[in-house]
Amino acid sequence: MAGEATEIVLSNQDLREVTAFAAGCAEGVLEIFEADQPDDARPRDAIATAREFARGGERGKPLRDAAWAALAAAKGTATEAAREAAWAAMAAAGAAYLHPLAKATQVKHILGAAAYAARAAELAAGDDRTVGAEHVEQAAQRATPVVVDVLGRFPPAPSGGGRVGELIRMLDATLRQ
């Protein structure tokens, strides 16, 4: 049938590497959220749960619940930067749920945490786009060969998505070079 996505082979180790990458990216801006909401541990817990999966833990309800909790935490923030940092944590836990479908939209599962983190950092710096570009470069350096290989199995990131979408496409292009 025309338009159907083909399936991509993803091992548990592939998912663990992608999730570890995402957690590392999100962790770098956790302080932005915590400065805004010091008594809310949900994004920190989401990153910890993502790291637990990356180290061999189960991909189940606690991981999904942690992602949803970080998303809920984002709604209670006072600043856009804190919201984006919480979304980075949510995306880190959600990275474990990368779907094995050859769709460009799946690239957000791989690179979303890095892009949300870059956006949080640029907003915290007064919407300084050079700060976001620096975070994209740091994320590119953090990406392991496995993460780059997994990314290469998917089509390039799609258009749209505002500034976070731009950051995803910047990182996607850098990693595919």
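The minimum heavy-atom distance linking Gly112 with Ala91 is given by the pair C-CB, 4.0 Å. Across all their heavy atoms, Ala104 and Pro155 have their closest contact at N-CG, 3.8 Å. Heavy atoms only, all atoms of each residue included: Ala121 and His135 are closest at CB-NE2, 3.2 Å. Of all heavy-atom pairs spanning Ala85 and Ala120, the tightest one is N-CB, 3.6 Å.
Contact annotation: the side chain of Phe21 never approaches that of Val146 to less than 4.5 Å [non-hydrogen atoms, C-beta and beyond]. Asp172 has its side chain out of reach of Ile110: every pair of non-hydrogen atoms, C-beta onward, lies at least 4.5 Å apart. The side-chain heavy atoms of Pro43 and Met90, taken from C-beta on, include no pair separated by under 4.5 Å. Counting heavy atoms from C-beta on, the side chains of Glu58 and Phe53 never come closer than 4.5 Å. Contact of the Val9 side chain with the Pro100 side chain is not registered, since no non-hydrogen atoms from C-beta on lie closer than 4.5 Å. Residues Val29 and Tyr116 are not in side-chain contact: their nearest non-hydrogen atoms beyond the backbone lie 4.5 Å or more apart. Taking the side chain as every heavy atom from C-beta outward, Glu17 and Val150 never approach each other to under 4.5 Å.
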Could you go through the side-chain contact (heavy atoms from CB on, under 4.5 Å) check for Phe33 and Asp40 one step at a time?
CA-CA 9 Å; Phe33 176 83; Asp40 191 342; 3.7 Å; yes

Margin query: I'd like to know whether Val164 forms a side-chain contact (heavy atoms from CB on, under 4.5 Å) with Glu84, so could you lay out the CA-CA distance, the side-chain angles of the two residues, the decisive distance to 0.1 Å, and finally the verdict.
Written below: CA-CA 9 Å; Val164 170; Glu84 298 286 338; 3.5 Å; yes

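A donor-acceptor contact shorter than 3.5 Å links the side chain of Arg169 to the backbone of Gly165.
For the salt bridge (charged side-chain N to carboxylate O under 4.0 Å, His left out) condition, the pairs that include at least one residue of residues 149-158, sequence neighbours left out, are Asp14-Arg153, Asp149-Arg153.
Legend: residues meeting side chain to side chain donor-acceptor pair (under 3.5 Å) with Arg119, ordered by chain and number and at least two apart, are Glu122, Asp127.
No option in Glu34, Glu27, Glu31 other than Glu34 meets the salt bridge (Lys or Arg N to Asp or Glu O under 4.0 Å) test with Arg44.
For the residue pair Glu137/Gln141, the side-chain donor-acceptor check at 3.5 Å is satisfied.
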